[in-house]
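The structure under discussion appears below in the form of structure tokens.
If you read the sequence from its start, that first residue is 1, and numbering goes on from there. For ligands, and for the atoms within them, numbers begin at 1 and follow the listed sequence.
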Amino acid sequence: MELEHTDKTGLAEGVAEENDAPEESEEGFSEIAVSDVTEEEISGAGSDGLEDYGAGQIQVLEGLEAVRKRPGMYIGSTGPRGLHHLVYEIVDNSIDEAMAGFCRNIEVNILPGDIIEVKDDGRGIPVGIHPQKGIPTVTVVFTVLHAGGKFGGGAYKVSGGLHGVGASVVNALSEWLEVRVCDGKRIYFQRYERGDAVTELEDIGEGSVTGTKVTFKPDPEIFEETVFDYETLLSRLREQAFLNAGLKITITDKRDSTREENSDVLCYEGGISSFVEFLQKKTGAETLHPEVIHISGKADTSVAEVAMQYNDSYSEVLYSFANDIRTGEGGTHETGFKTALTRVFNDYGRKFGLLRESDRNLSGEDCREGLTAVISVKLQEAQFEGQTKAKLGNTEIRNLVESMVYERLMLYFEENPATARNIFDKAVSAARARDAARKARDLARRKTALESASLPGKLADCSEKDVENTELFIVEGDSAGGSAKQGRDRRYQAILPLWGKMLNVEKARLDKVYGNEKLMPVVIALGTGIGEEFDISKLRYGKVVIMADADVDGSHIRTLMLTFFFRFMKPLIEQGHVYIAQPPLYRLSKGKKLFYAYTDRERDAIMAENPGMDIQRYKGLGEMDAHQLWETTMDPEKRTMLRIGLEDAQRADEIFTILMGDKVEPRREFIEKNARYVQNLDI
Ligand code: TTJ
């Protein structure tokens, strides 16, 4: 596209001279004043309808100053997550333009110095004067908090609630940001530094293809780390490409000019059906039917789409989205889907005599064993609820998804009896396994005296009873367990050393977990039970901390524990109870001075300040004495711990599946590809 030419004078050959940029004011570039707005300005903004989207529809809510003061409030964190969030905030604007039907291509480039460039071939952000503000709309978009057409303004029929309105937030948190807009005739340019406009919006020359390009450098004063992870960006962009069938997103890593560029073109004509194929391949399991089942429907202003396929594994992979935003906590669309699915199975089974009168109904979990599914709904006023605002609340959507899935899947089953029979039989065997598990569990209960609630022998419990304040450290290795027991604060810290051979969770159904010598102590210590019987109100510790070495074995145990929690105690992760301890990698000393470094970077920084130090690399927790372990890893005043979110656990689950599953090929590929990073496997 025309916006290819980046520097503001060196546009296409010969065009720069002819540009009719407005003359600079006498003071040079004037600072653009942005004032707070009144209620009248908010309610008075904009008309509706897609056709006449323009300057008037951009609504204005409040000033930008607050963002740099409290960045966490706007992007969640100033760690890697928040850093990557900046890119999503910008790209989401282009995706909205694509959803509105005006953009086909989006390009994301990581430039040297970890500068991000995002460009699209949409209509271009409006450059006309904003009626309330008296400055160009594009300037409002980047310098006024919550400027965007999304607060009921009607510019886009559907959009992601609060998401994607954050161009000004990104601007505020960037050392600098430049925007170029082409309206099909002229190219306009503006530059900002730490949120403030440092140039006027200038006409810098001719351009015939419409679009927007934004280039920015995240501010190192704000972010702890400003290095982008290609894979992280890739996977989120891929997800967006699946959700917008036909949209082409290209991501390219141009940081290292001495190496070949890393680049991926993400474009899926099959939309969420392609998404299911992709997820299905990752499970490494065999499909039970060749084609992905695709169902769609609409009601009033909402549309819903489901794609699903069964495989021969015991796990369920379910992704749901509302307006392209991942709803990790589920909500009405998921509920509608699950209800319909269970009804279809039971009604089908009764109708064709596959379930007898005396048989119990299949449960929801039975019907979802081995299922890979993606649900995507688009609606006008999405309500996001729940702890992380990742749960859809709109009740009308439940009815839409439920009736649509029931009718269409029932029809599909009747028209494809062979497939239906395969899937149905799988659910029946799941039900049988669950029954067997129930029996095994009752037996195990009696055997392990679960009922008398006797705690595992190796558990060193704490004295405090108030769950809010208690912590359980799950420690791999007996020597580390010993140090942890001595070093802890026994009032509120409990230690559970793990021992015995690990269970291969992938191949195990619930009946194998009960009675497993490695996992049962964890289950009993936590007190919650697992699976359908999981009860968070019985949890005995507020924080559950996995503490293992920073090596491959430690990585393995973390992956395994997270997978176990993800599959059998999901709410524990959802509600933020699970942590990973962060022991130091190095001990640096010089005379009486003593430092601990938790990353190579920290080590280098400490060495730079104090040349000529003694360095000890910790190969395992066991090398630390009780006092050191307390000081570096367990003391709440000094430690850092990683809180695990659902996405982290999901990733652990995927890695686990690859490493432990039946298929050799994906495992070899994974290990080859990740050999260099094998130490960081789990995050
Ligand atoms: C809105 O309707 C009128 C024409 O322009 C539409 C618009 O704003 N489109 C648009 C915005 N396309 N792309 C953007 C955009 C792209 C990036 C990379 C960043 C931002 C903040 C907006």
Legend entry - Contacting atoms of ligand 1, where contact means under 4.0 angstrom from a heavy atom of Val214: 17 (C), 18 (C), 19 (C)
Inset, instruction - Before signing off on this row, confirm whether Asp120 and ligand 1 have an N or O atom pair separated by under 3.5 Å. - result: yes
Legend entry - Numbering as shown, the atoms of ligand 1 that approach Pro126 to under 4.0 Å (heavy-atom distance): 5 (O), 8 (O)
Inset, instruction - Determine, using heavy atoms of Ala167 and all atoms of ligand 1, whether some pair is separated by less than 4.0 Å. - result: yes
Inset, instruction - Would you check the N or O atoms of Ser94, main chain and side chain alike, for any that come under 3.5 Å of an N or O of ligand 1? - result: no
Inset, instruction - Output yes when a side-chain donor or acceptor of Asp120 lies under 3.5 Å from a complementary backbone atom of Gly122, and no otherwise. - result: yes
Inset, instruction - State the atoms of ligand 1, each with its element, that fall below the 4.0 Å cut-off from a heavy-atom position in Val118. - result: 18 (C)
Inset, instruction - Looking only at distances, please establish whether an N/O atom of ligand 1 is found under 3.5 Å from an N/O atom of Val141. - result: no
Legend entry - More than 12 heavy atoms of other groups within 6.0 Å of Lys248 NZ: no
Inset, instruction - Find the distance between CD (Glu260) and CG (Asp253) and round it off to the nearest 0.5 Å. - result: 12.0 Å
Legend entry - Backbone N/O of Tyr230 and side chain of Asn262: donor-acceptor pair under 3.5 Å: no
Legend entry - Residue pair Thr258 / Asp256, side-chain donor-acceptor N/O under 3.5 Å: yes
Inset, instruction - May I ask whether Phe142 has any heavy atom positioned less than 4.0 angstrom from an atom of ligand 1? - result: yes
Ignoring hydrogens and angles, write down the donor-acceptor pairs under 3.5 Å from the side chains of residues 266-276, residues two or more places apart or on other chains.
residue	atom	partner	partner atom	Å
Ser274	OG	Gly270	N	3.4

